[in-house]
Q: 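I'd like to ask some things about the structure below.
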Amino acid sequence: MAHFSAQASERPIGAGSSAKNDNRNNPQLKLDPDLRDFVSGCFGADYQDVWITATKTLPAQVGEWSGARAKEWRDAPLAVDDERNLYFAIGLMTPDATRRSVANVAGHWMVIADDIGTKASKADWEQMIAAGFPKPTFKIETSKGNETWGWVLDKPVMVGDAAEQDVVKVRSLIAAKGLSDAAVAVDPARYIRLPGGTNNKDKYKGEDGKFPQVWALELGLSRRATLEAMGQALAGADWREAPLPVELANGAKLNAMAQAGSLKRSADMNNPEPIMLMAQEIGLNPHQVRQGVVEAICPNAKNHTSVADTGFAFIGGGLMQCMHDHCQSLTSADFKRLICEEFEAQVSARVAIGLPTAAGSASEFLAREDFRRHGGLDDTAKVQAEARAMAARREDAMDPAENAGKLRNVLPTYVPKPVTAPAPSQIPPRKWLYGFLLIYGAISALVSPGGIGKSVLALVRAIAMATGRTLLAGESPVRQLRVFYFNAEDPMDEMRRRLGAALSHFQLTDADLGGRLFLETGRDLPLSLARMGRNGPERVAGVVHWFVDMLLTNKIDVLILDPVGAMHTLPENSNEAINLLMGALREIADRAGVAILLVHHTSKIAGADMDAAGAGAARGASAFVDAARIVEQVVPMTSKEAARFGISEEDRRDYIRIENGKANLTRAHEARWLRKLPIRLNNGAGLWPKGDTVATVESWIPPSAVTGTASELAVIQAAIVTARVRPRHDHRSTDWIGYLVADALCLDIGPRGLASKDRTARQANAFARIRAMVEHWIAEGCLRVVNDRDPQARRSFAYVEIGTPAVMSDPDQGSEIEDRA
């Protein structure tokens, strides 16, 4: 048996072997020892982490072309047969890598040259070696007259090491000088053939129907090469500064320059070029893999021998490259053409069945995105007009059946899979961020008529989330959150006033916010998510991408849009239009991983009776409510509620109730009450010495339905008898009976004559409770109202006197207030 020993000297393998040792005469021979010796001879102690793959007869559990680390092949030894192609990756992948790719390369162990004898001249290589280029560690014959050579480095170079640029430069010089297939030479993750396998490409099949086997023609596994020796032989003493060809006629030369670092790689998904956004639109999945490089599915992937690992990337400035052999003749313009063709095919297919599209044509899409990226207007006048006209002419000429067929080709193959029921304790919990109101990746809505206080409430909630404090009862943030509050209507000065009032009331400072609250207004940043286009409702190009990028860059947890109606120009009663808008918002929530709170107005009819309208109070189409997971209604206090709670008709407008009419992810919580109160900013100056008074909100607990015990009634009746001034029924009077009740029961409602707006939440609650107690006792006959004339005032007033005396069935009975105390 011919082994590839790590200690072997130079010797050919295969051609001169005896029949006994000739692998070609022993097709079932297990190659484990040979494979291990060869790979360990190249990679040393790290050989078990080398990625190895085999096609055609690869064990199903490994997966074709994805490969496996050498140590994973111990239970599936490789055998030589006519259907086996054996490969190994020249670079080691990171420990957590699940597939071989350039982005996953952890280090460089060797330099290779491919297609020597066909695309590259052996004579040129002989001259290079005579000039001092090291002899190769191995020469592998992959087919008759075609060889792959490899040079194992004297020491591995890890990604990020200073020497990595030297590795890249040497590989690129080899490609630039035509000493190898360029794409193979510069690819640090390249699979090359292992000796002992078979090359079963159809073009190599012999007249006897058999495929050529792969042999190690020369093997010197103890040889090591230095980057300095290779670089000097390629380009002299100043090889590190040697220029590379500037022509970008095809992918091979572009790849060589990009790998050498002579091209500035500037692709950035945080500021994507229009062609990158188009690639995203058609499903090529562009994603940042490292600074300056955005990988994606190759638009020419259908012509690859393997689609799973394409090696395609955007490198900035409109330049694109693909490492695959079939793409080496393609230019960046070719890749752009392929992307545009697929975009227009998908547009045509969607239009044929009435679905909305990102743009009418590829040229329109690119024009919009280019104007947006450079800060231009989105209406691009002549460019868009012409692009839309071209798209219309094309759509009119298309066969609907053909479009439907294209759509089927666009949709991915789907195979349903049965579900495996999980253990309930193993299911991850929902990621609630703020009480049971906001959740990661979902939309919540806050709905009310105009002028009720929903914007003030939204801002107080934003402050609570940013500070991590519980400012409103029943609404606790899970932690300090980063919140972006976009008010589309109000100017920034007004937003700052509301912020200042809320911080003052809750005794918070800028330090408590900690730089986690972001305020922006539509006055300074006019944004529109959707509008009516020529073909119906459409997204405004680029705005969704802008939101996603901004939210991800600033690590935002919660996005508040107030009001959502000011962020589009769609007909609000159209379900089709609102579905498109809510789809854009869901995409933002999903891609940016944020919770979204939408502030929205009600219809005029619903605003007249919010309780009857429920979640359907939201203005416009039902699609708005359908798309939101949680919909809250902000309801003003009714006259009946005010009477029950002891609130005057004048003051009831300061009290609002929050109802949850729709809670898809949790039970609807009980109604919670808030009280609006004015906050003086003390910012008077110049012509405006009084300064501003701005509203904020706080929690308010309505008085209990229990209106007083017998012992409390007895105390009040005794107080009326001994009162120096006859108590009145009118709560606006300084002689109101409520002040007598407050003194007798030790409740704080503030001094006599205190305006309702100046009472604290606790005082307001006690005031309402006392008023409710008095009205209840009057209704029960325990107290009675008598109209008498006041001689001094010369007019009549309503006074309160004792009615039916209190009955104390239990002399030790205590009051509810005393029990709570």
Side-chain angles (χ1 to χ4, degrees), residues 428-448 452-487 495 498-499 502-503 505-506 508 512-520 547 551-552 554-564 585-586 588-590 592-600 615 618 625 627-635 656-675 696-701:
R430 295 189 180 111
K431 296 180 179 179
W432 293 103
L433 293 182
Y434 187 70
F436 291 107
L437 305 176
L438 297 174
I439 188 172
Y440 267 126
I443 298 172
S444 301
L446 183 66
V447 178
S448 86
I452 297 299
K454 56 185 177 296
S455 293
V456 174
L457 170 58
L459 182 58
V460 170
R461 286 178 167 178
I463 294 170
M465 288 184 274
T467 59
R469 309 282 184 88
T470 300
L471 303 184
L472 301 176
E475 301 183 7
S476 297
V478 68
R479 58 173 170 81
Q480 291 178 331
L481 302 169
R482 295 174 69 84
V483 183
F484 187 92
Y485 184 171
F486 183 82
N487 188 299
M495 294 296 296
R498 293 175 189 169
L499 176 64
L503 293 178
H505 176 68
F506 291 106
L508 299 170
D512 294 305
L513 293 175
R516 292 178 292 274
L517 178 60
F518 302 81
L519 295 182
E520 190 56 78
F547 264 117
L551 295 170
L552 289 174
N554 293 283
K555 301 179 180 178
I556 300 299
D557 298 298
V558 177
L559 170 64
I560 301 175
L561 300 177
D562 177 16
V564 67
L585 290 167
R586 279 194 299 265
I588 293 172
D590 185 58
V594 299
I596 296 181
L597 175 61
L598 303 180
V599 180
H600 191 40
V625 173
R629 288 289 178 260
I630 296 166
V631 179
E632 294 179 289
Q633 300 91 248
V634 183
V635 184
I656 55 178
R657 171 167 39 94
I658 303 176
E659 294 279 358
N660 193 334
K662 176 186 178 184
N664 288 0
L665 301 181
T666 185
R667 288 184 61 186
H669 57 66
E670 295 181 358
R672 289 171 292 113
W673 285 93
L674 301 175
R675 178 191 179 213
T696 191
V697 294
E698 65 179 7
S699 295
W700 180 73
I701 302 174

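Not measured: the values here are computed from a predicted model.
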Q: Do the non-hydrogen side-chain atoms of Leu585 and Val564 ever get within less than 4.5 Å of each other?
A: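 Answer yes - side chains close enough.
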Q: Determine whether Val447 and Val625 satisfy the following criterion, side chain to side chain contact (heavy atoms under 4.5 Å, CB included), listing intermediate values before the conclusion.
A: CA-CA 10 Å; Val447 178; Val625 173; over 6 Å; no
Q: Working to the nearest 0.5 Å, report the span between CD1 of Ile560 and CG of Leu446.
A: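 Answer rounded to 0.5 Å: 9.5 Å.
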Q: Among all residues two or more places apart in sequence or in another chain, which pass the salt bridge (charged side-chain N to carboxylate O under 4.0 Å, His left out) test with Glu475?
A: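 Partners of Glu475 under the salt bridge (charged side-chain N to carboxylate O under 4.0 Å, His left out) test: Arg461, Arg672.
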Q: Which residues satisfy the salt bridge (charged side-chain N to carboxylate O under 4.0 Å, His left out) test with Arg482, sequence neighbours excluded?
A: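 So Arg482 forms no salt bridge (charged side-chain N to carboxylate O under 4.0 Å, His left out) with any residue.
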Q: According to side chain to side chain contact (heavy atoms under 4.5 Å, CB included), who are the partners of Thr696, at least two apart in sequence or on a separate chain?
A: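 Expected list: Val456, Val460, Ala502, His505, Phe506, Leu677, Ile679.
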Q: Just how far is it from atom CD1 of Ile596 to atom CG of Leu559, taken to the nearest 0.5 Å?
A: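 Those atoms lie 5.0 Å apart.
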Q: Rounded to the nearest 0.5 Å, how far does CG of Leu517 lie from CG of Asp512?
A: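 Answer for the CG-CG pair, Asp512 versus Leu517, is 12.0 Å.
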Q: What residues form a side-chain hydrogen bond (donor to acceptor under 3.5 Å, both in side chains) with Thr470, not counting sequence neighbours?
A: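 Listed in chain order: Ser476.
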Q: Go through it in stages, so that I can follow the logic: the residues are Val478 and Trp432, the test is side chain to side chain contact (heavy atoms under 4.5 Å, CB included), and I'd like the CA-CA distance, side-chain angles, deciding distance and then a yes or no.
A: CA-CA 7 Å; Val478 68; Trp432 293 103; over 6 Å; no
Q: Using the salt bridge (charged side-chain N to carboxylate O under 4.0 Å, His left out) criterion, which residues pair with Asp562? Sequence neighbours excluded.
A: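 Asp562: no salt bridge (charged side-chain N to carboxylate O under 4.0 Å, His left out) contacts found.
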Q: Taking the side chain as everything from C-beta on, heavy atoms only, tell me whether Ser455 gets closer than 4.5 Å to Tyr485.
A: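 Yes. Closest side-chain heavy atoms under 4.5 Å.
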Q: Closest approach of Ser699 and Leu674, non-hydrogen atoms and distance?
A: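 The pair with the smallest heavy-atom distance is CA-CD2, 3.9 Å.
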Q: Nearest 0.5 Å, please: how far is CG in Leu437 from CG in Leu472?
A: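 Leu472 CG to Leu437 CG: 10.0 Å, rounded to 0.5 Å.
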Q: Begin with the C-alpha distance, continue with both residues' side-chain angles, and end with the deciding distance and a verdict on side chain to side chain contact (heavy atoms under 4.5 Å, CB included) for Leu459 and Leu519.
A: CA-CA 10 Å; Leu459 182 58; Leu519 295 182; 4.1 Å; yes
Q: Less than 4.5 Å apart, any side-chain heavy atom of Met465 and any of Asp557?
A: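 A side-chain contact is absent here, since even the closest heavy-atom pair is not under 4.5 Å.
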Q: If you draw a 6.0 Å radius around CG in Leu513, do more than 12 non-hydrogen atoms from other residues or ligands fall strictly inside?
A: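 Correct, the count exceeds 12.
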Q: Enter the distance from Leu597:CG to Leu561:CG here, rounded to the nearest 0.5 Å.
A: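 With rounding to 0.5 Å, CG (Leu597) is 8.5 Å from CG (Leu561).
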Q: According to side chain to side chain contact (heavy atoms under 4.5 Å, CB included), who are the partners of Ala464, at least two apart in sequence or on a separate chain?
A: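 In terms of side chain to side chain contact (heavy atoms under 4.5 Å, CB included), with neighbours along the sequence ignored, Ala464 is linked to Tyr434, Leu471.
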Q: Parallel, tilted or perpendicular, judged at 30° and 60°: which one describes the rings of Phe486 and Phe484?
A: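 The arrangement is parallel - the two ring planes meet at less than 30°.
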Q: Answer yes or no: is there a side-chain heavy-atom contact under 4.5 Å between Asn487 and Arg498?
A: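 They are in contact (side-chain heavy atoms under 4.5 Å apart), so the answer is yes.
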Q: Using only atom types and a distance under 3.5 Å, with no angle test, would you say the side chain of Ser448 pairs donor to acceptor with the backbone of Lys454?
A: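 Judged by distance alone, no pair lies under 3.5 Å.
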Q: Please enumerate all residues that pass side chain to side chain contact (heavy atoms under 4.5 Å, CB included) together with Gln480, with sequence neighbours excluded.
A: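 Side chain to side chain contact (heavy atoms under 4.5 Å, CB included) list for Gln480, sorted by chain: Arg516.
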Q: Evaluate the criterion side chain to side chain contact (heavy atoms under 4.5 Å, CB included) for residue pair Leu508 and Arg469; output intermediate values, then yes/no.
A: CA-CA 10 Å; Leu508 299 170; Arg469 309 282 184 88; 3.1 Å; yes
Q: Going from OG1 on Thr467 to CD1 on Ile463, what distance comes out if it is rounded to the nearest 0.5 angstrom?
A: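 The OG1 atom of Thr467 sits 7.5 Å away from the CD1 atom of Ile463.
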Q: Suppose we screen for side chain to side chain contact (heavy atoms under 4.5 Å, CB included). Which residues come up paired with Arg586, at least two apart in sequence or across chains?
A: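 Result, side chain to side chain contact (heavy atoms under 4.5 Å, CB included) vs Arg586: Ile443, Met582, Ala627.
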